Protein chains: 2
Amino acid sequence: MNPTPRKPSRKDAADNRERILSAARAALTESTGASLTAIARSAGVGIGTLYRHFPTREALIMELYRHHLQELIDLAPALLEEHPPLEALTLWCAQVARYGQLKAGVAQVVHAATNGGRDDEHYEPFVSAIDTLVRAGAADGSLKAGLDPEDVLLQLSVLWRIPAGETGEARAARILDLIIDGLRTPGA
Amino acid sequence: MNPTPRKPSRKDAADNRERILSAARAALTESTGASLTAIARSAGVGIGTLYRHFPTREALIMELYRHHLQELIDLAPALLEEHPPLEALTLWCAQVARYGQLKAGVAQVVHAATNGGRDDEHYEPFVSAIDTLVRAGAADGSLKAGLDPEDVLLQLSVLWRIPAGETGEARAARILDLIIDGLRTPGA
DNA sequence: TGGCGAAACGGAGGCCCCTCCGGTATGTTC
DNA sequence: GAACATACCGGAGGGGCCTCCGTTTCGCCA
């Protein structure tokens with residue numbers, strides 16, 4: 001839809017944006033702790049410049065992982081075409097959990113995106129994706145009717161907070177089962 | 001058990017501790033944003049002193065609301081004596097949610113306590129309380145057997161993150177229902 | 001090509017968290 | 001009562017986040 005969002009018109013700005021992203025990718029890969037000051041320095045721009053391009057740390061990380069998020073969002077309708085709704089939801093959530101376990105950065109940013117709220121441009125597509133899934137499930141009777149996709153997302157956001165590690169994956173799977181059981185039509 | 005935990009032996013230390021707590025209570029009531037520097041100043045102690053007594057911001061807030069937390073923990077067995085397990089769990093969780101809605105400070109600190117992890121002295125009692133509830137539910141068949149109380153706590157922690165407001169309470173109730181449905185024995 | 005206004009730059013500065021350590025008060029022991 | 005070991009005090013300082021605003025650069029238009 002909007003592959004290169006809001007690319008600056010001026011060349012210097014576009015350049016700096018690219019260099020900041022580059023430096024950030026290098027600095028944040030596998031350690032979300034790098035300081036923005038350091039990233040700015042390593043990108044050869046002032047801290048003010050970094051902040052103009054990415055008003056918050058989240059915004060920066062978000063940009064780095066934008067396409068990961070988009071993949072997740074696109075996955076929902078794709079799964080629905082090949083699976084019954086309940087299964088599609090389950091698979092989708094599992095994938096969501098996997099992303100969380102995979103990259104600490106993704107987890108952090110998605111958690112922010114999903115918990116952050118209305119104003120975040122990444123929040124809405126996520127909610128839509130879930131809405132698609134739960135509506136299909138409601139229509140086919142496998143999920144409760146009238147589920148609020150935001151509620152579901154909020155519940156899922158817990159999956160991002162599971163400490164990655166040995167047992168993290170198993171724990172995510174357990175919790176995911178609990179969540180989905182709660183969404184299913186009782187007694188069906 | 002331990003009503004005044006680790007009170008310093010020296011009088012000056014005890015005094016300072018009290019004054020810090022006082023200042024913190026005043027500063028943090030209804031706005032968790034006050035800076036520790038400001039609290040220290042207003043308590044008439046150096047920032048170093050504040051940090052010795054409360055090694056982290058959480059620790060300070062935690063101390064302020066310690067008895068609220070204790071109330072919650074004590075509530076679990078009390079409810080179990082007067083209600084069947086499933087109902088006790090539901091009531092307990094509702095109370096947990098209410099605390100979260102009530103005071104931003106409580107929510108924040110409990111979220112930290114419940115998400116923080118193993119090393120936090122407040123984490124374990126919470127898990128125990130939940131364990132009591134879910135074991136009772138498993139014994140009586142109303143809840144799934146073998147639930148991990150930490151998993152349940154993690155799920156509940158979402159309730160603290162619901163933005164307080166007009167619809168917050170309703171939303172918490174909705175989500176709580178979903179969570180509990182997920183914990184119940186299927187088809188019972 | 002030259003000029004101009006808008007947009008971008010970038011660092012100083014304000015505020016914060018937390019640590020470290022030299023100086024100080026305390027209670028304890030002789 | 002004096003000396004001592006200790007626990008405590010408290011602020012300077014290092015690092016971070018983010019904002020503000022004077023300065024610089026770009027791209028368009030005459």
Side-chain angles (χ1 to χ4, degrees), chain A residues 4-24 26-28 31-64 104-105 108-109 111-113 115-117 119-120, chain B residues 4-24 26-28 31-64 104-105 108-109 111-113 115-117 119-120:
Chain A
T4 50
R6 220 142 320 125
K7 179 171 284 190
S9 49
R10 270 173 60 164
K11 191 162 62 65
D12 55 348
D15 269 12
N16 277 337
R17 189 175 203 284
E18 247 7 87
R19 268 189 306 161
I20 291 170
L21 279 175
S22 239
L28 293 177
S31 81
T32 54
S35 85
L36 296 191
T37 313
I39 291 175
R41 198 166 36 228
S42 120
V45 305
I47 184 66
T49 301
L50 187 152
Y51 270 95
R52 169 141 4 67
H53 285 288
F54 306 99
T56 151
R57 179 191 200 79
E58 295 305 343
L60 176 56
I61 305 189
M62 189 74 84
E63 188 58 37
L64 286 183
Q108 180 179 326
V109 72
H111 189 260
N115 252 300
D119 55 340
D120 194 307
Chain B
T4 50
R6 219 141 321 124
K7 179 170 283 188
S9 50
R10 272 174 56 168
K11 191 162 62 64
D12 54 349
D15 269 12
N16 277 337
R17 188 174 204 283
E18 247 6 88
R19 269 191 304 161
I20 291 171
L21 278 174
S22 239
L28 293 177
S31 81
T32 54
S35 86
L36 297 191
T37 313
I39 291 175
R41 199 164 36 228
S42 122
V45 304
I47 184 65
T49 301
L50 188 152
Y51 271 94
R52 171 186 345 285
H53 286 290
F54 306 99
T56 150
R57 178 190 201 82
E58 294 305 343
L60 176 56
I61 305 188
M62 187 75 82
E63 188 58 36
L64 285 182
Q108 180 179 325
V109 72
H111 189 260
N115 251 300
D119 55 339
D120 193 308

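Every chain is numbered from 1, with letters handed out A, B, ... down the list of sequences. Quick caveat: nothing in here was measured; it's all calculated off a predicted structure.
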Within this structure, what is the CG-CD1 distance for the pair A:L64 and A:I20, rounded to the nearest 0.5 Å? 11.0 Å
Which residue, B:A34 or B:D12, contacts DNA chain C at a nucleotide closer to its 5' end, judged by nearest heavy atom? B:A34
At less than 4.0 Å, is any side-chain N or O atom of B:N16 found next to OP1 or OP2 of D:dC8? Yes or no. no
Report the distance from atom CD1 of A:I61 to atom CG of A:L36, rounding to the nearest 0.5 Å. 8.0 Å
Using only heavy-atom distances, decide whether a donor-acceptor pair under 3.5 angstrom links the side-chain of B:R10 to the base of D:dA7. yes
Output the rounded distance in Å from CD (B:E58) to P (C:dC17). 12 Å
Look at the side-chain N and O atoms of A:T49 and state whether any lies under 4.0 Å from the OP1 or OP2 oxygen of C:dG10. yes
Between C1' on C:dT19 and CG on B:L50, what's the gap in Å once rounded to a whole number? 14 Å
Donor-acceptor pair under 3.5 Å: do we get one between A:R52's side chain and the base of C:dA8? no
Side-chain contact, heavy-atom cut-off 4.5 Å: A:L50 with A:N16? no
Can you tell me how far C1' of D:dA7 sits from CZ of B:R17, to the nearest Å? 15 Å
Measure the distance from CG on A:D15 to C1' on C:dC9 and round it to the nearest whole Å. 13 Å
Which of the following nucleotides, D:dA12, D:dC8, C:dG10, is nearest to the side chain of B:I47? D:dA12
Take atom OH of A:Y51 and atom C1' of C:dG10, then tell me their distance rounded to the nearest Å. 14 Å
Between NE2 of B:H53 and CD of B:E18, what distance do you get to the nearest 0.5 Å? 10.0 Å
Distance check: side-chain N/O of A:H53 vs OP1/OP2 of C:dA8, anything under 4.0 Å? no
Contact check, side chains of B:R57 and B:I39, non-hydrogen atoms, under 4.5 Å: no
Selection: residues 35-43 of chain A, any non-hydrogen atom under 4.0 Å of DNA chain D: A:S35, A:L36, A:T37
Here the distance between atom P of D:dC8 and atom CD1 of B:I20, to the nearest Å, is 12 Å
To the nearest 0.5 Å, how far apart are CZ in B:R10 and CG in B:D15? 11.5 Å
Minimal non-hydrogen separation, B:S42 against B:A23, with atom names: OG-CB, 3.3 Å
